[in-house]
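Reading through the structure tokens given below for one structure.
In what follows, chains are A, B, ... by sequence order, proteins preceding strands, each numbered from 1.
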Amino acid sequence: MFIKQLPKYANVAIKSKICLPPKSKKDRPVSLVLDLDETLVHCTVEPIENADMVFPVEFGGVEYQVHVRKRPFLEYFLEAVYKKFEVIVFTASQQVYADELLNRIDPENKYIKHRLFRESCLPVEGNYLKVGASEASRERSEPIKITHSFAALGARRT
Amino acid sequence: MNVLDRDLRKTVLVDNSPHAFGYQVDNGIPIESWFDDPADTELVKLEQFLRTLENADDVKPLVREQFKTHVLINEA
């Protein structure tokens with residue numbers, strides 16, 4: 001129902017801006033834009049069993065311990081897709097958390113070409129929109145990607 | 001203006017959110033939310049489907065046929 005009731009694009013698109021550099025000729029032709037939380041990993045600030053990693057993040061003057069589980073086959077997946085696609089991670093989470101996480105998932109910057117964070121998203125009716133498409137594209141319509149805003153700092157249900 | 005600046009015929013979004021694909025459902029690949037199931041194989045299945053998109057002229061018809069998200073929206 002949320003998608004059906006979205007406001008007209010023109011009414012929400014006023015503040016968005018391009019956050020990615022243009023594609024280069026050596027990039028793969030198709031771009032694969034991946035969400036992070038609950039798609040590739042599960043993170044929480046509460047201790048969890050079988051965490052694959054734990055790291056500190058400071059937010060608002062408070063240090064949190066982020067506990068991360070990696071989705072099964074994450075490494076297999078990234079290894080397979082980075083050769084075939086321009087891989088972009090686009091998350092509604094805060095950059096301070098997502099950068100630390102991605103630095104650990106992809107320490108050599110091998111798999112993920114670009115990172116986009118909450119700051120790139122448009123807040124619309126309590127959700128964060130991720131607007132994707134080229135103005136120069138021949139397509140007239142433009143896509144919007146929306147994820148819940150509660151992904152910040154992994155402060156969510158465990 | 002927008003943030004991605006990519007050709008929609010050559011862009012797919014993967015997201016577990018039911019809201020994820022907003023105005024462009026045919027660019028959106030839904031994936032089940034994951035929390036802790038150690039037997040989850042969704043990333044393997046996703047990778048297999050993505051192979052069909054690598055050289056596509058336009059990803060949208062392929063995504064539309066596979067996931068039929070537009071049908072779900074019309075029924076909502």
For the student: nearest non-hydrogen atoms of B:Phe35 and A:Glu38, plus distance: CE2-CG, 3.5 Å
Considering all heavy atoms of both residues, which atom of B:Ala56 and which atom of A:Val30 are nearest to each other, and what is their separation? O-CG2, 4.4 Å
Should we say atom CG of A:Asn109 is surrounded by more than 12 heavy atoms from elsewhere, each under 6.0 Å from it? yes
Linking I/L/V/M/F/W/Y whenever their side-chain heavy atoms sit closer than 4.5 Å, directly or via other members, would A:Leu32 and B:Trp34 fall into one cluster? no
More than 12 heavy atoms of other residues, nucleotides or ligands under 6.0 Å from CD of B:Glu65: is that the case? no
To the nearest 0.5 Å, how far apart are OG in A:Ser31 and CG in B:Leu53? 12.0 Å
Pick one of side chain, backbone, both or neither for A:Glu49, based on which atoms fall under 4.5 Å of a heavy atom in chain B. neither
Working to the nearest 0.5 angstrom, can you tell me the gap between A:Glu79 CD and B:Glu47 CD? 10.5 Å
Please determine whether residues A:Val41 and A:Val54 belong to a single hydrophobic cluster, defined as Ile, Leu, Val, Met, Phe, Trp and Tyr linked transitively by side-chain heavy-atom distances below 4.5 Å. no
Side-chain contact test, heavy atoms from C-beta onward, threshold under 4.5 Å: evaluate it for B:Val44 versus A:Tyr76 and give yes or no. yes
Between A:Thr39 (side chain) and B:Asp15 (backbone), is there a donor-acceptor pair under 3.5 Å? no
Drop me the distance from A:His42's NE2 to B:Asp37's CG, to the nearest 0.5 angstrom. 12.5 Å
Would A:Phe85 and B:Leu50 count as a side chain to side chain contact (heavy atoms under 4.5 Å, CB included) if you check the C-alpha gap in whole Å, the side-chain angles of each, and the deciding distance to 0.1 Å? CA-CA 9 Å; A:Phe85 301 96; B:Leu50 288 171; 3.9 Å; yes
Starting from A:Val62, can I reach A:Leu101 by hopping between I/L/V/M/F/W/Y residues whose side chains sit under 4.5 Å apart? yes
Against chain A, work out which of B:Asp36, B:Asn55, B:Val59 has the most heavy-atom pairs shorter than 4.5 Å and name it. B:Asp36
Drop me the distance from A:Asp35's CG to B:Ile29's CD1, to the nearest 0.5 angstrom. 12.5 Å
Nearest-0.5 Å distance that lies between atom CZ in A:Phe77 and atom CG in B:Leu46: 4.0 Å
Heavy-atom distance under 4.5 Å between the side chains of A:Glu86 and B:Lys10, does that happen here? no
Would you name the heavy atoms of A:Pro72 and B:Pro38 that are closest together and state the gap between them? CG-O, 3.7 Å
Side chain to side chain contact (heavy atoms under 4.5 Å, CB included), that's the test. Do A:Leu40 and B:Leu43 meet it? Break it down for me. CA-CA 8 Å; A:Leu40 301 181; B:Leu43 289 179; 4.1 Å; yes
Give, for atom CZ of A:Arg71 and atom OG1 of B:Thr41, the distance between the pair rounded to the nearest 0.5 Å. 9.0 Å
